[in-house]
Amino acid sequence: MSEFKSDFLHTLSERGFIQQTSDDTGLDALLRKETVTAYIGFDPTAPSLHAGGLIQIMMLHWFQATGHRPISLMGGGTGMVGDPSFKDEARQLMTPDTIAANIASIKTVFSNYLRYGDDRTDALMINNADWLLGINYLEFLRDVGRHFSVNRMLSFDSVKMRLDREQSLSFLEFNYMILQAYDFVELSKRYGCRLQMGGSDQWGNIINGIDLGHRMGTPQLYALTSPLLTTASGAKMGKSVNGAIWLNPDMLGPYDFWQYWRNTEDADVTRFLKLYTTLPMPEIDRLSRLGGSEINEVKKILATEITAMLHGRAAAEQAAETARKTFEEGALAENLPSIEVPAPEFDQGLGLLTLVVRAGLAASNGEARRHVQGGAVRINDEQINDERRVVGSGDVTGDGVVKLSLGKKKHILVRPV
């Protein structure tokens, strides 16, 4: 580990955020000398970011916490092209209305991690559509495009992988790296931005921006990337069996978010405490020494701390209490996730497989059938082995709900309304 002298790089280094920097010494000196502005770009490909993007948000959080100014850049312009980096095929093109709606939805998460405002280190929320949508194509080709070598662009891993597999790479996508590089130059000119951060898959794009800045007369620009994370077993971060672990609460509630982190593999606990919480390093060191059954208590701390940053401390503690009641006391916790079913439909009776799918516990009737056959499905804590079972008003408990469970950790309350 390099002995960084700036608070920011020292913090990131000891917590495991750094994969690569373009100039350790120069960036470290700059961060000690002045208040620096840095940015990370976020693609509006969905109405919410997922947990895989949390590492980037935490980098911006620590940047501000150590006395600097972060920019969260929304890709309203680049989103119309789509980042082809390491993708097997072109992204589906989105309409301007979809992009605008996604950006409005994504923005709501950032204020949980960053302080926005007008002070020197207050974060900025910027949309690259501000400069990209007004570009004159011929002027852009002459002033910016002339600085790019197609030979060099073809040598980037993200492009080579597509071409080596003989998968089509459209001219539209090929332009993405030019637009991202131009973003860095524009942010430097408009806001004095000197550093771009991102995942290690963005290294080539960021270096392009540094090179373009050099050719177009900006001050020296810098790059810092984080490792692309997988879990200890090789699973992609931010994804679960049931799909993405979304950050927006209307797409995934605090309880399910808490459960995702509670189910962290033993080998990942210390690493995730460093990356995704703000617990002091001495406390993380203490927790990392706990073993045996105590590691389950550490996982609860991990889940509660991460959930508290996103959803607030009260929601995180309520999620932890809901889990405790459900798993340790066997009680019916009212704060479990729930779905509503029209009472007339319920009175007629719903097929078990249909209900399991509707509750989001399986993607299809076939998958639901396999769960039932494997003994994983329970109604009101009673194992159900009959896939033709009908669930109806006779199953409603005194609390006015039916508790539908898959395995030991997934529970949904079904409410007739």
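Reckoned from all heavy atoms, side chains included, excluding hydrogens, waters and symmetry mates.
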Between [Y] and [X], is there a side-chain heavy-atom distance shorter than 4.5 Å?
X    : Y    : result
M177 : M153 : yes
V377 : L352 : yes
I57  : Y276 : no
M74  : I106 : yes
L287 : I301 : yes
R415 : I339 : no
V391 : V414 : no
I40  : L73  : no

Side chains of [X] and [Y] only: does a donor on one sit below 3.5 Å from an acceptor on the other?
X    : Y    : value
Q196 : Q202 : no
D7   : W62  : no
S405 : H411 : yes
S72  : Y116 : yes
E265 : S233 : yes
T121 : R69  : no

Evaluation steps, side-chain contact (heavy atoms from CB on, under 4.5 Å), between K410 and L404: CA-CA 8 Å; K410 292 177 181 170; L404 180 64; over 6 Å; no

Could you report the tightest heavy-atom contact between [X] and [Y], atom names first, then the distance?
X    : Y    : result
A123 : Q64  : N-NE2, 3.3 Å
P44  : I99  : CG-CG2, 3.8 Å
A323 : Q259 : CB-NE2, 3.8 Å
L275 : M58  : O-CG, 3.5 Å
L60  : M197 : CD2-CE, 3.9 Å
A244 : H50  : CB-CB, 4.2 Å

Do the side chain of [X] and the main chain of [Y] share a donor and acceptor less than 3.5 angstrom apart?
X    : Y    : value
N112 : V109 : yes
T322 : Q318 : yes
Q19  : L228 : no
D28  : S6   : yes
N380 : K403 : yes
T98  : M94  : no
T66  : F63  : yes
T225 : S200 : no
D268 : A232 : yes
R358 : T354 : no

Charged N to carboxylate O under 4.0 angstrom, [X] versus [Y]?
X    : Y    : value
K300 : E297 : yes
E305 : R313 : yes
R324 : E321 : yes

Evaluation steps, side-chain contact (heavy atoms from CB on, under 4.5 Å), between T218 and L221: CA-CA 8 Å; T218 67; L221 304 178; 3.6 Å; yes

Verdict with reasoning, K299 to E294, per side-chain contact (heavy atoms from CB on, under 4.5 Å): CA-CA 9 Å; K299 289 180 184 181; E294 288 179 310; over 6 Å; no

Check: Y182 ring centroid to F140 ring centroid under 6.0 Å: yes

F272/W261 aromatic ring centres below 6.0 Å: yes

Distance from [X] atom [atom1] to [Y] atom [atom2], nearest 0.5 Å?
X    : Y    : atom1 : atom2 : value
Q220 : L195 : CD    : CG    : 11.5 Å
L302 : L273 : CG    : CG    : 5.0 Å
Q373 : R370 : CD    : CZ    : 8.5 Å
W246 : D256 : CH2   : CG    : 14.5 Å
R262 : Y255 : CZ    : OH    : 10.5 Å
I206 : Q20  : CD1   : CD    : 9.5 Å

Working for side-chain contact (heavy atoms from CB on, under 4.5 Å), residues I207 and S22: CA-CA 8 Å; I207 294 301; S22 58; 4.3 Å; yes

Evaluation steps, salt bridge (Lys or Arg N to Asp or Glu O under 4.0 Å), between R215 and D211: CA-CA 6 Å; R215 293 168 186 269; D211 187 49; 3.1 Å; yes

Derivation and outcome, side-chain hydrogen bond (donor to acceptor under 3.5 Å, both in side chains), residues S105 and N248: CA-CA 8 Å; S105 181; N248 281 38; 2.9 Å; yes

Of I284, L229, T264, the residue whose pairing with R271 passes side chain to side chain contact (heavy atoms under 4.5 Å, CB included):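 Among I284, L229, T264, the one that satisfies the side chain to side chain contact (heavy atoms under 4.5 Å, CB included) with R271 is L229.
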
Working for ring pair (Phe, Tyr, Trp, His ring centres under 6.0 Å), residues F184 and Y39: CA-CA 9 Å; F184 203 172; Y39 89 96; 5.6 Å; yes

